[in-house]
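Worksheet for the structure shown next.
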Amino acid sequence: DIKERFGLAPMVKIFRQYIEGKGNEILSDRSARVQDANNSNAKATTSTTSTSTSAKGKPVKKPKKKKESSFDEEFIQSLISLHKTYFDIVERYFERNQVFHRALSDAFQTFMNNIIPDSNFPPYHLLASYCDHILKNGVNATTSFSNLDIEDQLDYVVTLFEFLAEKDCFGDIYRLQLSKRLLNSK
């Protein structure tokens with residue numbers, strides 16, 4: 001009984017809850033950025049409107065709405081950083097203890113499969129778009145990635161992919177983006 005109260009199990013539970021909390025903060029940050037963008041779009045649309053005619057022939061103003069982007073590098077980089085940090089902690093300080101590795105995986109599986117409030121894109125879609133962006137742009141003057149960095153980033157994408165419950169949805173989006181990339185490269 002004392003082992004259960006003061007042993008490894010409570011530490012693992014706290015570790016998992018802490019990581020889930022950090023992951024949910026990242027989801028909340030994404031949600032806040034989307035809300036801010038929507039609010040700034042709403043303010044901008046009052047001045048930028050297009051006109052059409054109503055049934056009575058009078059001009060009616062329709063607001064132009066800027067679409068939410070499915071590419072959010074900050075979101076994916078935050079997830080990568082979170083995983084990398086706590087994976088390193090498990091490896092170094094918890095001596096690669098499998099119970100802590102499992103807690104890390106469980107925490108990521110929990111928040112990686114949550115819906116992001118106010119966003120049209122779930123995490124699997126954002127991850128697929130990030131992967132597409134890396135592969136589309138490759139190493140060029142506009143990115144700070146080297147070939148090694150691209151491989152590392154794709155390795156991290158695969159790591160995050162493992163936590164997704166809807167891998168088939170990721171695959172569908174990725175295939176669609178791949179086909180667009182291939183068709184546009186001609």
Side-chain angles (χ1 to χ4, degrees), residues 4 8-38 67-138 145 149-183:
E4 287 178 22
L8 199 57
M11 286 178 56
V12 170
K13 182 179 178 184
I14 291 168
F15 182 72
R16 178 183 175 181
Q17 289 172 339
Y18 183 78
I19 295 169
E20 279 182 34
K22 288 293 194 182
N24 286 326
E25 284 177 21
I26 293 170
L27 297 180
S28 295
D29 290 347
R30 162 78 180 159
S31 179
R33 284 195 310 278
V34 170
Q35 274 184 334
D36 289 347
N38 288 341
K67 288 175 66 176
E68 174 189 354
S69 174
S70 65
F71 174 68
D72 189 346
E73 184 174 13
E74 183 180 344
F75 175 73
I76 300 299
Q77 286 296 326
S78 295
L79 291 174
I80 289 170
S81 176
L82 181 69
H83 187 269
K84 192 175 176 184
T85 298
Y86 290 100
F87 183 83
D88 290 345
I89 286 172
V90 170
E91 290 288 301
R92 178 178 280 170
Y93 300 111
F94 294 133
E95 298 176 346
R96 298 183 176 125
N97 187 303
Q98 291 304 307
V99 176
F100 282 98
H101 272 296
R102 182 69 188 159
L104 178 65
S105 293
D106 289 348
F108 267 80
Q109 285 172 352
T110 299
F111 68 79
M112 284 288 293
N113 294 297
N114 286 344
I115 301 295
I116 303 171
D118 300 315
S119 177
N120 295 325
F121 303 106
Y124 63 81
H125 195 257
L126 296 168
L127 191 61
S129 295
Y130 179 77
C131 188
D132 178 64
H133 179 78
I134 290 172
L135 294 171
K136 187 188 310 180
N137 293 325
F145 292 135
D149 289 337
I150 289 174
E151 283 185 37
D152 287 344
Q153 292 301 308
L154 292 175
D155 285 344
Y156 290 129
V157 167
V158 169
T159 298
L160 294 176
F161 171 80
E162 292 172 4
F163 303 122
L164 295 175
E166 300 198 32
K167 291 176 176 66
D168 54 337
C169 293
F170 172 94
D172 292 343
I173 292 164
Y174 182 77
R175 274 189 288 282
L176 178 66
Q177 291 172 336
L178 173 63
S179 63
K180 286 180 183 177
R181 203 168 55 239
L182 292 173
L183 289 173

Taking the side chain as everything from C-beta on, heavy atoms only, tell me whether [X] gets closer than 4.5 Å to [Y].
X: Met112; Y: Leu79; result: yes
X: Leu154; Y: Leu135; result: yes
X: Leu82; Y: Phe111; result: yes
X: Leu182; Y: Leu178; result: yes
X: Thr85; Y: Ile89; result: yes

Are [X] and [Y] within salt-bridge range, i.e. N to O under 4.0 Å?
X: Asp106; Y: Arg102; result: yes
X: Glu162; Y: Lys167; result: no
X: Arg175; Y: Asp172; result: yes
X: Asp118; Y: Arg30; result: no
X: Asp88; Y: Arg92; result: no

Working to the nearest 0.5 Å, report the span between [atom1] of [X] and [atom2] of [Y].
X: Ser78; Y: Asp72; atom1: OG; atom2: CG; result: 8.0 Å
X: Ile150; Y: Asp155; atom1: CD1; atom2: CG; result: 12.0 Å
X: Phe87; Y: Arg96; atom1: CZ; atom2: CZ; result: 8.0 Å
X: Gln153; Y: His133; atom1: CD; atom2: NE2; result: 10.5 Å
X: Gln77; Y: Tyr156; atom1: CD; atom2: OH; result: 9.5 Å
X: Arg33; Y: Ser31; atom1: CZ; atom2: OG; result: 9.5 Å

If every non-hydrogen atom of Ile116 is compared with every non-hydrogen atom of Phe75, which pair is closest and at what distance? CD1-CZ, 3.9 Å

Can you name the nearest heavy-atom pair linking Leu126 to Ser69, along with the distance? CD2-O, 4.4 Å

Has Glu68 got a side-chain atom pairing as donor or acceptor with Asn120's backbone, closer than 3.5 angstrom? yes

Whether the side chain of Asp132 engages the backbone of Ile173 through a donor-acceptor N/O pair (distance < 3.5 Å, no angle test) should be reported. no

Would you say the side-chain atoms of Asn114 and Asn24 include a donor-acceptor pair closer than 3.5 Å? yes

Exactly one of Phe121, Phe161, Tyr124, Tyr130 should register a ring pair (Phe, Tyr, Trp, His ring centres under 6.0 Å) with Phe170. Which one does? Phe161

Walk me through it: do His101 and Phe94 pass the test ring-ring contact (aromatic ring centres under 6.0 Å, His included)? CA-CA 9 Å; His101 272 296; Phe94 294 133; 9.7 Å; no

For residues 10-20, dump all side-chain donor-acceptor pairs below 3.5 Å to protein atoms at least two apart in sequence or in another chain.
residue, atom, partner, partner atom, Å
Arg16, NE, Glu20, OE2, 2.7
Arg16, NH2, Glu20, OE2, 3.4
Arg16, NH2, Thr110, OG1, 3.1

Could you walk me through whether Phe163 and His83 pass the side chain to side chain contact (heavy atoms under 4.5 Å, CB included) test, one step at a time? CA-CA 11 Å; Phe163 303 122; His83 187 269; 3.6 Å; yes

Pick out which of Lys136, Glu73, Gln177 makes a side chain to side chain contact (heavy atoms under 4.5 Å, CB included) with Ser129. Gln177

Pair Phe108-Leu160, side chain to side chain contact (heavy atoms under 4.5 Å, CB included): steps then yes or no: CA-CA 8 Å; Phe108 267 80; Leu160 294 176; 3.9 Å; yes

Residue pair Lys22, Ile26: steps toward the side chain to side chain contact (heavy atoms under 4.5 Å, CB included) verdict: CA-CA 7 Å; Lys22 288 293 194 182; Ile26 293 170; 5.7 Å; no

